[in-house]
Amino acid sequence: MIVAKDLVKEFKIYQHHRGAFGAIRNMFSTKHTIVRAVDQISFQIAAGELVGYLGPNGAGKSTTIKMLTGILVPTSGELTIGGIVPWRERVKHVRRMGVVFGQRTTLWWDLPVIETMELLRHIYKIPERQYRRNMDMFADLLGLSEFLNIPVRSLSLGQRMRADLAAAFLHDPEIVFLDEPTIGLDVLAKERIRQFIATINSEKKTTVILTTHDLGDVAKLCRRVMMIDRGKVLFDGALAELVSRFGGERRLIVDFAEEYDDLSIAGARIVAKEGRKVTYAFHSNGNGVAPLIENLSRNYKWADISLQDPDVETTIRHIYEQWEGDHSSEYC
Amino acid sequence: MIRAYWKLAKTSFKRQMIYRAANLAGIATNLCWGFFRAYLLLAVLEASPGVGGYDHDSIIIYTGFSQALTAPLKVFGWWDLLRTIKSGEIISDFCKPIDFYGMWYARDCGHAVYQLAARGLPLMLLFLAIFRIPLRLSASMGLAFLISMTLALQVSFSWRMIYNAMAFWTLDAKGVAAMANIVSLFLMGFIIPVGFFPPWLQQAVQLTPFPAMFDIPLAILMDVPGTEVLLLLSRQVFWMLILIIAARCLLHIGTKKVVIQGG
Ligand SMILES: Nc1ncnc2c1ncn2[C@@H]1O[C@H](COP(=O)(O)OP(=O)(O)OP(=O)(O)O)[C@@H](O)[C@H]1O
Ligand SMILES: [Mg+2]
């Protein structure tokens with residue numbers, strides 16, 4: 001469905017002058033620096049996939065989404081979505097696409113939600129029956145009916161986001177881009193939105209690409225993740241693979257039955273110690289946990305042992321920390 | 001697609017109805033200002049009788065008409081498009097399969113129709129009744145006036161789009177736009193009648209689109225002897241086409257810029 005090849009987006013940042021003549025100088029100023037927000041990324045996404053697009057702040061996620069929606073033209077590279085180049089045939093492209101920018105609404109600020117939906121019905125020429133069916137479905141899944149008559153500007157953030165999602169899915173788009181759809185929401189609201197996205201994706205086979213900083217979204221929704229940093233895709237694959245490849249160390253938490261002076265064991269290191277409770281970290285690529293437990297049992301008396309596998313959150317924190325480290329060493 | 005524009009216009013019309021109280025207050029303000037301006041202009045008329053071909057009655061019609069059009073012509077400036085460009089909200093309009101100029105125009109029409117019906121017309125009638133001025137308008141001149149009014153609002157709309165589009169190129173667009181608005185108000189004869197201008201300026205103004213926004217429907221309304229209605233209407237149509245093309249070109253280039261440079 002989506003084929004991206006060597007996509008690059010560079011921004012020119014002009015120097016701004018202040019003061020009385022600043023405005024005039026700005027008009028003629030050619031001094032600029034170039035920021036490469038997206039740096040030669042390539043990927044393919046099949047119809048019906050639900051892909052999480054992750055990366056630290058400023059990685060280039062939103063910029064990529066904007067290119068996919070056709071509102072930004074790449075500096076170089078190729079991109080087709082369902083055979084169309086988004087920015088060349090923008091109107092045709094946006095007809096079968098939906099988008100939510102979590103940071104700002106795409107709804108008309110001063111209209112009640114229902115008026116916005118009615119307007120969209122005409123703009124997308126949605127048949128009456130389909131419109132009814134979807135509105136009923138959204139009332140169900142998103143609780144839309146609670147605030148249909150409130151103007152968008154007076155909605156709470158969670159309500160606004162739900163309205164925005166409904167608007168994006170109203171015309172049964174083939175593909176939907178969600179840029180941080182859960183930003184700033186409470187736990188329940190997030191849960192509801194995740195449920196909604198999952199349901200639509202499985203029932204309507206809508207292709208969804210989602211950026212987020214909330215790893216709960218990822219764990220709940222995405223089988224496939226793409227990770228980007230400084231404009232480059234550094235991982236593209238199954239979420240499970242990401243965890244096993246980058247998850248780093250597993251943890252073994254041991255409650256000892258007696259006091260010992262030396263608790264070090266081969267193949268693991270101590271990361272925390274709290275009274276008799278000690279946390280060891282070890283790499284999962286070896287022989288598993290059996291040798292460690294044998295070793296422990298041979299030398300110590302213990303009361304309880306528990307094992308912690310890396311979850312998505314720790315994995316991703318781990319990856320970001322590694323990248324952070326890489327960058328700072330680049331500058332040294 | 002027409003349905004979408006119709007719906008847009010209707011929604012914008014309905015939105016105005018929410019502000020009924022503000023509307024009444026608006027009529028009162030317009031009326032007060034109308035008296036003030038009328039007496040000022042009458043004083044001018046007394047000092048130099050026959051100035052610009054005006055007499056007592058036509059001064060009253062002029063003031064009533066201009067006060068009635070403050071809202072539809074967005075005399076105090078209109079910055080909606082400018083704001084969406086600056087805030088980046090414009091991006092969400094790009095994500096919808098609808099013509100940009102058409103979308104804004106539909107909304108403007110909804111607004112203008114409401115303001116004319118609920119504010120402009122009552123105000124004008126009230127004004128004429130208070131001053132006991134009869135308005136004699138034949139059916140054909142009435143029709144010509146309606147057409148001319150529609151054209152005037154459309155030309156004004158394109159002009160407003162043009163000065164709003166400045167926001168694509170400069171951060172200080174609001175200043176430029178406010179300037180453009182004031183200049184246009186003066187040149188269209190909204191502040192003082194075009195007939196009061198010095199002769200050279202009167203001639204110069206006829207070469208600009210501004211009379212098409214206000215002065216021409218006014219002339220038809222007053223039915224000045226020797227008014228060549230068809231000529232006036234065709235001048236409006238001419239400027240309408242020019243300004244539509246200009247506004248659309250600017251929007252097109254501005255959009256390109258946003259799309260390529262990222263705002
Ligand atoms: N219009 C623009 N002009 C100049 N630079 C820009 C523009 N848009 C983005 N950038 C720069 O491009 C880089 C990538 O930005 P982008 O918004 O894509 O990041 P992101 O991954 O969405 O980050 P976040 O998680 O914070 O939303 C940043 O360095 C940003 O400053
Ligand atoms: Mg972003």
Side-chain angles (χ1 to χ4, degrees), chain A residues 9-14 16 22-24 26-27 32 35 37 62-63 66-67 69-75 86-87 89-101 103-112 114-116 118-126 151 164 167-168 171 173 177, chain B residues 1-19 80-81 83-104 106-107 110-111 166-176 179 252 254-263:
Chain A
K9 182 70 202 177
E10 287 176 344
F11 292 111
K12 276 187 188 152
I13 300 186
Y14 290 92
H16 272 290
I24 298 164
N26 284 338
M27 284 179 134
H32 62 261
V35 175
S62 296
T63 306
K66 284 179 189 161
M67 288 193 281
T69 53
I71 55 184
L72 212 51
V73 180
T75 310
W87 55 91
E89 299 179 67
R90 201 178 40 151
V91 174
K92 198 167 164 193
H93 177 56
V94 295
R95 268 197 180 288
R96 38 158 218 181
M97 159 199 109
V99 62
V100 173
F101 292 105
Q103 312 259 19
R104 60 165 61 110
T105 180
T106 55
L107 307 174
W108 284 278
W109 202 240
D110 43 18
L111 295 184
I114 183 72
E115 293 282 348
T116 307
E118 285 284 331
L119 254 175
L120 291 174
R121 171 159 85 92
H122 290 295
I123 290 176
Y124 288 100
K125 297 188 196 132
I126 307 171
D164 254 307
H171 56 293
F177 305 101
Chain B
M1 208 67 226
I2 298 295
R3 300 274 316 264
Y5 295 113
W6 175 244
K7 179 82 190 155
L8 268 166
K10 229 169 61 181
T11 319
S12 159
F13 182 94
K14 272 201 266 180
R15 208 179 86 71
Q16 293 303 311
M17 295 202 297
I18 303 170
Y19 306 109
D80 288 6
L81 171 65
R83 248 200 329 261
T84 65
I85 298 172
K86 280 185 103 163
S87 69
E89 267 167 63
I90 194 173
I91 281 181
S92 38
D93 292 327
F94 291 165
C95 292
K96 303 206 171 77
I98 189 163
D99 176 61
F100 200 65
Y101 177 94
M103 180 191 83
W104 283 106
R107 298 167 98 181
H111 178 266
M166 289 303 127
F168 282 119
W169 291 278
T170 159
L171 287 175
D172 328 292
K174 182 92 183 259
V176 180
M179 243 351 238
H252 184 77
T255 313
K256 266 247 160 74
K257 179 173 175 288
V258 170
V259 160
I260 290 173
Q261 297 185 4

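A note on names: the letters A, B, ... follow the listed sequences, proteins ahead of strands, and every chain is numbered from 1. Worth saying up front: this structure is predicted, and the values here are computed from it rather than measured. Side chains included, hydrogens not; waters and symmetry mates left out as well; all remaining heavy atoms used.
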What part of A:Lys125 lies closer than 4.5 angstrom to a heavy atom of chain B: side chain, backbone, both or neither?
side chain
Would you mind checking which part of A:Lys92 comes under 4.5 Å of any heavy atom in chain B, side chain (CB onward), backbone (N, CA, C, O), both or neither?
neither
Considering non-hydrogen atoms only, spot the tightest contact between A:Trp108 and B:Asp93 and give its length.
NE1-OD1, 4.4 Å
If I take atom CD1 from residue B:Ile98 and atom CZ from residue A:Arg95, how far apart are they, to the nearest 0.5 angstrom?
9.5 Å
Where on A:Met67 is there a heavy atom nearer than 4.5 Å to chain B: the side chain, the backbone, both, or neither?
neither
Locate the shortest heavy-atom distance separating B:Cys95 from A:Tyr124; write the atom from each residue and the value.
O-OH, 3.7 Å
Among all residues two or more places apart in sequence or in another chain, which pass the salt bridge (charged side-chain N to carboxylate O under 4.0 Å, His left out) test with B:Lys7?
A:Glu115
Give, as side chain, backbone, both or neither, the part of B:Ser87 having an atom under 4.5 angstrom from any heavy atom of chain A.
backbone
Please look at A:Thr63 and chain B and tell me whether the side chain, the backbone, both or neither of the residue comes under 4.5 angstrom of a heavy atom of that chain.
neither
Are side-chain heavy atoms of B:Ile91 and A:Lys66 found at a separation under 4.5 Å?
yes
With a 4.5 angstrom heavy-atom cut-off, is it the side chain or the backbone of A:Ile123 that approaches chain B, or both, or neither?
both
Which one of B:Glu89, B:Arg107, B:Lys256 has the most heavy-atom pairs closer than 4.5 Å to chain A?
B:Arg107
So, for B:Arg15 and A:Leu111, which heavy atoms are closest and what is the spacing to 0.1 Å?
CD-CD2, 4.1 Å
Hey, could you give me the NE2/NZ distance between A:His122 and B:Lys10, rounded to the nearest 0.5 Å?
7.0 Å
Test item: A:Leu119 and B:Lys96 side chains (from C-beta on) under 4.5 Å apart, heavy atoms:
no
